[in-house]
Protein chains: 2
Amino acid sequence: MTSAEPSTRDRIVNAASDLFYGEGIRAVSVDAVAEKAGVTKRTLYYHFASKDDLIAAYLRQREQPNLARFRRWYAEAEGGAAEKTRAVFRNLARAASRPSWKGCAFLRTSAELANMPGHPAIRIGVAHKKDFESWFAAMFAAEGLDDAAQLARQVVILLDGAFAVVLLNRDPAYMDAAGDAAFSLVSGALARR
Amino acid sequence: MTSAEPSTRDRIVNAASDLFYGEGIRAVSVDAVAEKAGVTKRTLYYHFASKDDLIAAYLRQREQPNLARFRRWYAEAEGGAAEKTRAVFRNLARAASRPSWKGCAFLRTSAELANMPGHPAIRIGVAHKKDFESWFAAMFAAEGLDDAAQLARQVVILLDGAFAVVLLNRDPAYMDAAGDAAFSLVSGALARR
DNA sequence: CTATGTATACCGACTAGTGAGTGTAATCAA
DNA sequence: TTGATTACACTCACTAGTCGGTATACATAG
């Protein structure tokens with residue numbers, strides 16, 4: 001019954017998440033985030049040292065749910081590693097057909113902050129993609145594949161390519177084409193096993 | 001001997017290109033572009049109706065050289081279609097190791113303008129990627145591949161994935177991993193021919 | 001059981017600067 | 001004369017970040 005009111009800090013991060021993901025980081029002002037959170041800007045700056053700090057919090061918040069979702073899609077899919085990998089892309093195609101879908105938050109942030117290589121947000125993105133790649137590598141290694149690491153890397157590239165291309169042309173068919181490519185690569189590796 | 005002085009308009013577009021590509025569209029002001037072009041803001045607005053108009057001109061200017069460069073890389077590479085495709089990624093890996101490299105202008109623009117789906121710049125990006133895909137499809141069809149269109153699409157996804165990932169982690173090894181994946185896919189298709 | 005201190009969380013109003021875009025009059029070259 | 005350009009002042013909305021102050025809670029000292 002206690003509805004677990006989110007803390008002020010969480011409300012700010014949630015507002016930032018909605019706006020930064022939906023509109024882009026540079027397109028959204030700190031004032032807009034504060035207003036959406038129902039908080040004054042002064043309070044926002046009480047909880048976060050700067051906009052950059054808020055950006056970092058926005059990405060950190062997305063890391064775990066993102067990973068969990070992909071893991072779930074993989075686990076719940078029927079078939080072997082190749083089918084499971086393709087299923088991830090299928091689920092993503094479904095998600096990407098919603099208008100509110102705006103690609104991968106980490107990739108878009110790195111595109112926006114390309115002129116700030118050491119930015120905390122970039123580092124968070126790098127770590128997240130590395131976690132992702134390691135997880136895929138573990139899945140593939142469990143199938144007894146020698147080149148699990150290389151394969152995982154290629155699947156991640158396909159995933160991110162699909163993110164980027166579908167964000168551009170809004171055609172989810174590209175997501176499935178990427179899934180088919182991943183399927184080919186994984187089943188090829190399994191056949192060579 | 002005539003050094004072919006660029007027109008004022010071209011100087012403005014070149015300045016915009018340097019700054020937009022290097023810093024990001026939203027991070028660069030119209031004043032900064034005018035100053036870099038050695039022109040008053042009023043002159044800039046004589047040639048372009050708005051910043052959005054200038055953004056579109058920036059991307060239009062990059063289309064043809066971009067395509068030409070990739071065509072050249074493909075044409076000059078040794079070997080068959082699979083090797084030639086991989087060579088494109090190798091060349092890109094070399095380009096991407098320069099610090100001034102900041103990924104794909106079209107993809108980064110679509111990430112920055114994700115909240116403006118109908119923006120002219122987005123449309124230019126979509127058309128450019130489509131041209132790219134068609135060109136690859138023609139190359140593969142020339143090898144007598146039935147699934148040239150699907151294959152071209154997958155190669156483009158790998159290319160764009162490599163763009164996105166390497167922009168994030170600045171590790172050109174990912175470019176080569178993508179090239180290896182493209183090589184696998186193309187040579188697999190050739191073997192099934 | 002008051003009084004004082006201290007830490008957390010919060011706010012309204014503000015600063016100093018930047019954003020895109022405009023108005024206008026003057027200059028320059030063909 | 002016409003198209004291109006400059007100089008520069010200007011608008012108006014917005015931007016990241018700050019100043020000074022307040023309300024509450026929970027201490028501990030007298």
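Letters A, B, ... mirror the listed sequences (proteins, then strands); counts begin at 1.
- DNA chain C lies under 4.0 Å from at least one heavy atom of each of the following residues of residues 30-37 of chain B: B:Val30, B:Asp31.
- Applying the ring-ring contact (aromatic ring centres under 6.0 Å, His included) rule to B:Tyr45 yields no partners; only residues at least two apart in sequence or on another chain are considered.
- Every residue two or more places apart in sequence or in another chain that forms a salt bridge (charged side-chain N to carboxylate O under 4.0 Å, His left out) with B:Asp31 is listed here: B:Lys41.
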Can you give each donor-acceptor pair under 3.5 Å made by side-chain atoms of residues 54-72 of chain A, sequence neighbours left out, with the distance rounded to 0.1 Å?
{"unit_1": "A:Arg62", "atom_1": "NH1", "unit_2": "A:Ser17", "atom_2": "OG", "d": "2.7"}

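- Not a single ring-ring contact (aromatic ring centres under 6.0 Å, His included) links A:Tyr21 to another residue, sequence neighbours left out.
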- [ ] Map every base of DNA chain C to its dot-bracket character, where paired means a Watson-Crick or G-U wobble contact with both distances under 3.5 Å and | marks a partner outside the strand.
- [x] ||||||||||||||||||||||||||||||

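- Minimum heavy-atom separation, A:Ala182 to A:Phe89: CB-CE1, 3.6 Å.
- Judged by distance alone, the side chain of B:Thr43 and the main-chain N or O of B:Val39 form no donor-acceptor pair under 3.5 Å.
- Pairs passing the side chain to side chain donor-acceptor pair (under 3.5 Å) check and including a residue from residues 168-191 of chain B, sequence neighbours excluded, read A:Glu133-B:Tyr174, A:Gln150-B:Asp180, A:Arg153-B:Tyr174.
- The residue A:Ser29 sits close only to the backbone: its heavy atoms come under 4.0 Å of sugar-phosphate atoms, none of a base.
- For residues 139-161 of chain A, every residue pair satisfying the ring-ring contact (aromatic ring centres under 6.0 Å, His included) rule, not counting sequence neighbours, is listed here: A:Phe136-A:Phe140.
- Among the protein residues, B:Thr43 comes within range of the nucleic acid bases, having at least one heavy atom under 4.0 Å from a base atom.
- To the nearest 0.5 Å, atoms NZ (B:Lys36) and CZ (B:Arg11) are separated by 13.0 Å.
- Ring orientation note: the planes of A:His128 and A:Phe106 are close to parallel, at an angle under 30° on the 30°/60° scale.
- Listed by residue number, A:Tyr46, A:His47 are the residues of residues 46-54 of chain A with a heavy-atom contact under 4.0 Å to DNA chain C.
- Distance, A:Lys41 NZ to D:dA16 P: 7 Å, rounded to whole Å.
- The outermost nucleotides of DNA chain C lying under 4.0 Å from heavy atoms of chain B, listed 5' to 3', are C:dG19 to C:dT24.
- Sorted by first and then second residue, the pairs that involve residues 111-126 of chain B and meet side chain to side chain donor-acceptor pair (under 3.5 Å), not counting sequence neighbours, are A:Glu23-B:Asn115, B:Asp52-B:His119.
- A:Arg193 contributes no side-chain N or O that, together with a main-chain N or O of A:Leu145, makes up a donor-acceptor pair within less than 3.5 Å.
- Computed from coordinates, the A:Glu23 CD to D:dT15 C1' distance equals 17 Å when rounded to whole Å.
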Contacts under 3.5 angstrom, residues 154-161 of chain B side chains, donor-acceptor by atom type, not counting sequence neighbours:
{"unit_1": "B:Gln154", "atom_1": "NE2", "unit_2": "A:Ala177", "atom_2": "O", "d": "3.2"}
{"unit_1": "B:Asp160", "atom_1": "OD1", "unit_2": "B:Lys129", "atom_2": "NZ", "d": "2.8"}

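- Distance, A:Ile25 CD1 to D:dA16 C1': 15 Å, rounded to whole Å.
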